[in-house]
Amino acid sequence: MTTDAPPRPKARAPRGFQDRRADALATERRILTAVSRVYESYGFEHLDTGAFEYADALGKFLPDADRPNEGVFALQDDDEQWMALRYDLTAPLARFAAEQWDSLPKPFRRYAYGPVWRNEKPGPGRYREFLQCDADTVGSDRPEADAEIIAMAVEGYAAAGLPRSAYALRINNRKLLNGLLSAAGVNDAGQKLAVLRAVDKLDRLGPEGVTALLGAGRKDESGAFTRGAGIGSAATDAVLAFVEAGRDTRAGTLDRLAQVIGGSPEGDEGLRELSLISGALGRLGVGEDQALFDPSIVRGLEYYTGAVFEADIALEAVGERGEPVRFGSIGGGGRYDDLVARFTGQRTPATGFSFGVSRLAAALAAAGATGERTRGPVVIIALDGALMSEYFAIAGELRAAGVPAEVYLGTSGMRAQMKYADRRLSPAAVIVGGDELAAGTVTIKDLDLGRMLAESVADNRTWRDDRPGQITTPRGELVAQIRRIVEAAS
RNA sequence: GCCGCCUUAGCUCAGUUGGUUAGAGCGCUAGAUUGUGGAUCUAGAGGUCCUCGGUUCGAGCCCGAGAGGUGGUACCA
């Protein structure tokens, strides 16, 4: 027995890529629609760009001969130029704005949504393909532009269905810490980067851990050692006082920041910007609990030059085994004044925010905030192959009346067809056999009513004899009866 | 990238000291019920015991390497 069948491929999605079915897609679409409406109400125009960009347009992560796929999914075009799937929506905007600058109304305000791709290690809530929804203003250096972006983000989360207590935007300004470090004599770029990384871990490691990372370094429980920034103890104290300057109100934090910032042109500039943002947020009606100043917010992206924003979600959720689930950041953004200049050489101030749509959808689903399952169509039971044309006529009538309907196209018996309608969560099934046809009637089963009545029926004999939720009506009343059932179901 | 743990049916898992034909629950398919979902009962289908190599008369079980997953850590434009 030597059959040389070719090896069968294993049916599996690449890791970090997910299949999303109707329920998840409905949640995503609802979020996208709601957030887009908010962006449009502020005057942002819709823009879409292609999934690929030339790699040099995406920034410093140029594919090289050794590791062309580091961080991004890249491939070589037939003219040997490297192209890469976009890893966010900001870099393509910078490219577009630079390319079209002369023909654009300025400041240029656009929103965009779509998938982005990152070729990195996937984890829980971390995929290699996910949806973002961004709004950016290019060509305004007014802090009010930042404030408006923040206000839209806050409004967007509310529109997406998050309860007000479940999220907040935390706002910081890169210039504050930069100025503080200059004043403290820390000017080395590598050290500054290490300080940012240390500060970013405040919520996880606490002040002690951050102190260690600012100084000599830190050994974690597993024994791995992380080298510290190596700044002096005076600078360390200044940084700690700074990151712990957050207060309950924006004005309170500003006052405290003024005390600890140490006096430097850049730091003062940062303070002035935050102050203007604070004033604008007040006038835009953004509550103190929705947008607060938090000096420990860093954001990884190195291209941010001023204000930075991050949205945290505080939804309580538990996984399948009752363990608490953390969703982390569900959005972020900030000011990037140098990104367009990479192309044009001219400094072009810009600011924006990015919704993590996939994460937000996952969080909403896990928190049970979107319990609804998408309903199936009215199913026309195909009892008799000779009557198929009648079945399609019925489906057509229902569709014309605005009711989703489908004729069962399998070859199974009635039991399987009813099961099919049940699994699709259909509101109703239509049964037409020889009896109905002869009598000029149709039999309609209200599946929701049946689902309800089933709870009080223990034995199957009764269940089948009673035919709960089932009525037989004249053929002419079909559409009206179905409509009544469907409207009750929605 | 580094460290730990894990990998047996579609899913969750059990599998004795290394010993016959690898099991359970759930799910799936069908029947009990000529044209009726749920519940119940019955039956059936479903397996590269992650892969490769080694030890052994004999490996799901022991040893080695690799892959995948997972948790932590690093990185995250």
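Owing to the predicted nature of the structure, the values given are computational and were not obtained by experimental measurement. Reminder, nothing fancy here: chain letters follow the sequence lines and each chain counts from 1.
- Here A:Ile431 lies in heavy-atom contact (under 4.0 Å) with a base.
- The OH-P distance, from A:Tyr420 to B:U36, rounds to 20 Å in whole Å.
- Residue side chain A:Gln470 reaches the base of B:U36 through a donor-acceptor N/O pair under 3.5 Å, judged by distance alone.
- Listed pair A:Trp463 / B:G37 meets the phosphate criterion, a side-chain N or O lying under 4.0 Å from OP1 or OP2.
- When each of A:Asp200 and A:Asp446 is assigned the nucleotide of RNA chain B bearing its nearest heavy atom, the one mapping closer to the 5' terminus is A:Asp446.
- Remark: B:C5 base-pairs with B:G69. Criterion, Watson-Crick or G-U wobble with two distances under 3.5 Å.
- In this structure, A:Lys419 does not reach the B:G27 phosphate: none of its side-chain N or O atoms is under 4.0 Å from OP1 or OP2.
- Residue-nucleotide stacking is present for A:Tyr87 and B:A77, judged by a side-chain ring centre under 5.5 Å from the six-membered base ring centre and planes under 30° apart.
- Each of B:G38, B:A77, B:G35 was ranked by its minimum atom distance to the side chain of A:Asp435; first place goes to B:G35.
- Across B:A74, B:C76, B:U36, the shortest atom-to-atom separation from the side chain of A:Arg467 is found for B:U36.
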**OP:** Quick one: do A:Arg475 and A:Glu397 satisfy salt bridge (charged side-chain N to carboxylate O under 4.0 Å, His left out)? Show the steps, please.
**Re:** CA-CA 12 Å; A:Arg475 174 73 172 76; A:Glu397 284 172 39; 2.9 Å; yes

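- Paired with A:Ile482 under the rule side chain to side chain contact (heavy atoms under 4.5 Å, CB included), one option of A:Val442, A:Leu398, A:Ile394 passes, and it is A:Leu398.
- If you check B:G47 for Watson-Crick or wobble pairing at under 3.5 angstrom, you find it has no partner at all.
- For A:Arg204, taking side-chain heavy atoms from C-beta onward, the closest of the listed nucleotides B:G35, B:A77, B:U73 is B:U73.
- Pairing of B:U34, defined by two Watson-Crick or G-U wobble distances under 3.5 Å, is not identified with any nucleotide.
- Side-chain proximity of A:Arg423 to B:U29, B:A77, B:U36: nearest is B:U29.
- Across all strands shown, the partner of B:C11 is B:G25, judged by Watson-Crick or G-U wobble contacts whose two distances both fall under 3.5 Å.
- In this structure, A:Arg197 reaches the B:C76 phosphate: one of its side-chain N or O atoms is under 4.0 Å from OP1 or OP2.
- Of the candidates B:G38, B:G35, B:C75, B:C75 carries the atom nearest the A:Lys201 side chain, counting heavy atoms from C-beta on.
- The residues A:Arg118 and A:Asp88 are annotated as not salt-bridged, no charged nitrogen and carboxylate oxygen being separated by less than 4.0 angstrom.
- Nucleotide B:G19 forms a Watson-Crick or G-U wobble pair with B:C57, both donor-acceptor distances falling under 3.5 Å.
- Below the 3.5 angstrom threshold, one finds no donor paired with an acceptor across the side chain of A:Gln417 and the base of B:G35.
- For A:Arg118, whose side chain is taken as the heavy atoms from C-beta onward, the closest listed nucleotide among B:U36, B:C75, B:C76 is B:C76.
- Put simply, the residue from A:Phe44, A:Tyr336, A:Phe353 that forms a side chain to side chain contact (heavy atoms under 4.5 Å, CB included) with A:Asp136 is A:Tyr336.
- In this model, the phosphate group of B:G68 is not approached by any side-chain N or O of A:Arg15 to a distance below 4.0 Å at OP1 or OP2.
- With respect to the salt-bridge test (charged N to carboxylate O, under 4.0 angstrom), the residues A:Arg375 and A:Asp448 qualify.
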